[in-house]
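Structure, as structure tokens:
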Amino acid sequence: MQISNWIIFLVLLVFLGVYLSNVAGRLDRLHLKVENARNALDRQLAIRSVVCRELVNMQEIDSNFRNKLNQAIQDSINEESLEVHSINEWQIESNVTKILKQIFDNNFSLNSISNKKIVEEIAAASRRVQYALTFYNDAANGAIVVRKRWVVRFFRLFGRASMPEVIEFDAEIPQGLAHL
């Protein structure tokens with residue numbers, strides 16, 4: 001082999017190394033973004049649980065709904081305290097949202113509540129949960145797209161990082177709180 005062929009081979013090898021390094025760096029940043037978004041989602045779910053706990057103490061809310069909400073919040077808090085996340089966690093969070101929708105349906109009137117600040121905090125917390133879920137799923141989808149590329153799979157550029165999962169649960173803002 002001539003020296004010019006060796007030089008071309010080395011230049012191509014360097015370019016391949018730089019390319020793979022850039023892709024691995026991008027994937028690492030995407031995994032970090034997914035982790036940060038997941039932490040933000042967990043934080044917003046915890047805040048929503050705390051704010052909803054105040055709603056349970058309000059006498060204006062039907063006692064049947066208060067009991068259901070109290071149980072759902074307790075389940076949510078118990079699940080959030082675990083180090084490992086389970087599939088059941090998203091069913092529990094959907095249940096909290098479902099009960100909030102029942103309480104704050106289309107017939108809900110803010111005038112019937114003495115402490116309007118709590119209701120406004122619940123609306124804000126519900127909105128932040130919805131945003132955090134959207135941000136997390138966008139980050140997870142971005143990482144999944146990059147991880148499915150053949151270069152990433154062939155050279156195992158993802159290292160030991162687990163595949164991000166898209167989270168599905170009902171995070172819709174209740175109709176009665178949508179305008180707050």
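Note that the coordinates shown come from a computational prediction; the quantities given were computed from them, not determined experimentally.
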Rounded distance (nearest 0.5 Å) linking atom CD of Gln130 with atom CG of Leu133:
8.0 Å
Under 3.5 Å donor-acceptor, Asp28 side chain and Ala24 backbone:
no
Could you give the distance from CD (Gln71) to CG (Asn67), rounded to the nearest 0.5 Å?
9.5 Å
Are any side-chain N or O atoms of Asp105 and backbone N or O atoms of Lys101, one a donor and one an acceptor, separated by less than 3.5 Å?
no
Checking Ser94 side chain against Asp170 main chain: does a donor-acceptor pair fall under 3.5 Å?
yes
Kindly determine whether Phe65 and Asp62 satisfy side-chain contact (heavy atoms from CB on, under 4.5 Å), including the steps that lead there.
CA-CA 5 Å; Phe65 287 136; Asp62 181 62; 3.8 Å; yes
Would you check if Asn115 and Val119 make a side-chain contact, meaning some heavy-atom pair closer than 4.5 Å?
no
Should Lys98 and Gln102 be marked as a side-chain contact (heavy atoms from CB on, under 4.5 Å) after you check the CA-CA gap, both sets of side-chain angles, and the distance that decides it?
CA-CA 6 Å; Lys98 182 178 111 182; Gln102 291 172 349; 3.9 Å; yes
Gln44 and Val129 have their tightest heavy-atom pair at O-CG2, 3.5 Å
Could you grab the distance from atom CG of Leu20 to atom CZ of Phe155, nearest 0.5 Å is fine?
5.0 Å
Are Pro174 and Ile103 packed together at the side-chain level, in the sense that at least one heavy-atom pair is separated by less than 4.5 angstrom?
no
Report yes or no: do Val152 and Ile144 belong to one cluster of Ile/Leu/Val/Met/Phe/Trp/Tyr joined by side chain heavy-atom distances under 4.5 Å?
no
Can a donor-acceptor pair be found, under 3.5 Å and without considering hydrogens, that links the side chain of Ser76 to the backbone of Ala72?
no
Give me the atom names and distance for the closest heavy-atom approach of Tyr136 to Glu165.
OH-O, 2.7 Å
How about Tyr19 and Val151: do any of their side-chain heavy atoms sit closer than 4.5 Å?
yes
Between the side chains of Asp42 and Arg38, is the shortest nitrogen-to-carboxylate-oxygen separation below 4.0 Å, so that they form an ion pair?
yes
In plain terms, say whether Lys117 and Glu121 are close enough for a salt bridge, that is, a side-chain N and a carboxylate O under 4.0 Å apart.
yes
Quick one: does Leu55's side chain get under 4.5 Å of Leu100's, heavy atoms only?
yes
dist Ser21:OG -> Leu157:CG (nearest 0.5 Å) comes out at 9.5 Å
Side-chain touch Gln91/Asn88, heavy atoms, less than 4.5 angstrom
yes
Rounded to the nearest 0.5 Å, how far does CZ of Arg53 lie from CD1 of Ile73?
5.5 Å
Taking Val56's backbone N and O only, do any of them form a donor-acceptor pair with Arg66's side chain (distance below 3.5 Å, no angle check)?
yes
If you take all heavy atoms of Ser126 and Arg48, which pair is closest and at what distance?
OG-CD, 4.4 Å
Would Glu35 and Asn39 satisfy side-chain hydrogen bond (donor to acceptor under 3.5 Å, both in side chains), going step by step from the backbone distance to the final call?
CA-CA 6 Å; Glu35 184 178 333; Asn39 291 336; 4.6 Å; no
With a 4.5 Å heavy-atom cut-off, do Phe9 and Ile7 have their side chains touching?
no
A side-chain contact here means heavy atoms from C-beta on lying under 4.5 Å apart; do Arg147 and Pro164 qualify?
yes
With the side chain counted from C-beta on, respond yes when Phe104 and Ile122 share a heavy-atom pair under 4.5 Å apart, and no when they do not.
yes
Residues Glu172, Thr97; criterion side-chain hydrogen bond (donor to acceptor under 3.5 Å, both in side chains); working and verdict:
CA-CA 7 Å; Glu172 186 179 344; Thr97 303; over 6 Å; no
Point-to-point distance, once rounded to the nearest 0.5 Å, from SG of Cys52 to CD1 of Ile47:
12.0 Å
